[in-house]
Amino acid sequence: MAQRKTGHYRSKRQFAERIGAKDPTLSGYDLPDADVTIGPINDDGTIPRGTHQGWSDATIDEWQANRPGRGARTDLKK
């Protein structure tokens with residue numbers, strides 16, 4: 001039988017820990033799309049209770065490196 005490589009993903013709480021934030025703080029952030037979703041997704045694209053999402057370290061690190069800092073004017077175009 002062929003060996004499968006298992007992927008490792010972080011929960012929203014682990015995402016927050018990785019970037020040094022508190023879990024509730026993430027609700028105000030525009031997070032990147034999750035790398036994996038486990039469970040059903042509503043017809044309108046929302047995530048119901050009981051469905052879990054996960055992000056890879058690479059996705060989190062890229063998002064963290066490229067997100068605007070506190071007080072950044074995201075409404076201005078470069």
Side-chain angles (χ1 to χ4, degrees):
M1 186 170 190
Q3 289 289 93
R4 291 190 307 173
K5 181 164 171 52
T6 302
H8 295 278
Y9 299 94
R10 295 184 182 265
S11 67
K12 194 177 274 191
R13 175 171 286 141
Q14 293 167 326
F15 188 122
E17 289 171 358
R18 185 162 180 91
I19 65 168
K22 301 243 188 288
D23 187 19
T25 304
L26 290 183
S27 63
Y29 290 172
D30 184 20
L31 297 179
D33 291 334
D35 295 308
V36 295
T37 301
I38 302 168
I41 299 175
N42 294 329
D43 291 338
D44 64 357
T46 58
I47 306 298
R49 181 181 294 264
T51 295
H52 301 280
Q53 294 185 297
W55 294 264
S56 68
D57 288 348
T59 298
I60 296 169
D61 294 345
E62 180 181 344
W63 176 83
Q64 176 74 347
N66 294 308
R67 74 183 184 101
R70 178 181 226 173
R73 293 287 308 268
T74 59
D75 59 325
L76 301 176
K77 302 282 186 212
K78 288 185 179 182

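Hydrogens, waters and symmetry mates play no part in the numbers below; they use all other heavy atoms, side chains included.
Across all their heavy atoms, Thr59 and Pro32 have their closest contact at CG2-CG, 3.9 Å. What you find for Lys12 and Leu26 is that their closest heavy atoms are O-CD1, 3.2 Å. Of all heavy-atom pairs between Pro48 and Ile41, the closest is CD-CA, 4.1 Å. Across all their heavy atoms, Thr51 and Pro40 have their closest contact at OG1-O, 2.7 Å.
The structure places NE2 of His8 at 14.0 Å from CG of Asp35, a figure rounded to the nearest 0.5 Å. Taking OH of Tyr9 as the reference point, atom OG1 of Thr37 lies at 10.5 Å (rounded to 0.5 Å). To the nearest 0.5 Å, atom OG of residue Ser11 and atom CZ of residue Arg18 are 12.5 Å apart.
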**Prompt:** So Trp55 and Leu31, side-chain contact (heavy atoms from CB on, under 4.5 Å) or not? Walk me through it.
**Reply:** CA-CA 10 Å; Trp55 294 264; Leu31 297 179; 4.3 Å; yes

**Item:** CA sep, side-chain torsions, deciding dist, call: Gln53, Val36, side-chain contact (heavy atoms from CB on, under 4.5 Å)
**Value:** CA-CA 6 Å; Gln53 294 185 297; Val36 295; over 6 Å; no

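Salt bridge annotation for Asp30-Arg67: absent, with no cationic side-chain nitrogen under 4.0 angstrom from a carboxylate oxygen.
Counting non-hydrogen atoms of neighbouring residues, nucleotides and ligands closer than 6.0 angstrom, the CG atom of Asp43 reaches no more than 12 such neighbours. Within 6.0 Å of atom CD in Gln64, more than 12 heavy atoms from other residues, nucleotides or ligands are found, so the atom counts as buried in its surroundings. No more than 12 heavy atoms of other residues, nucleotides or ligands lie within 6.0 Å of CG in Asp33, so this atom counts as exposed by the packing criterion.
Between Phe15 and Trp63, the ring planes are perpendicular. Angles over 60° get that label, and only those under 30° would be called parallel.
In this structure, Tyr29 is a member of the same hydrophobic cluster as Ile60, with clusters built from ILVMFWY side-chain heavy atoms closer than 4.5 Å.
Here the side chain of Asn42 pairs no donor or acceptor atom with the backbone of Asp44 at under 3.5 angstrom.
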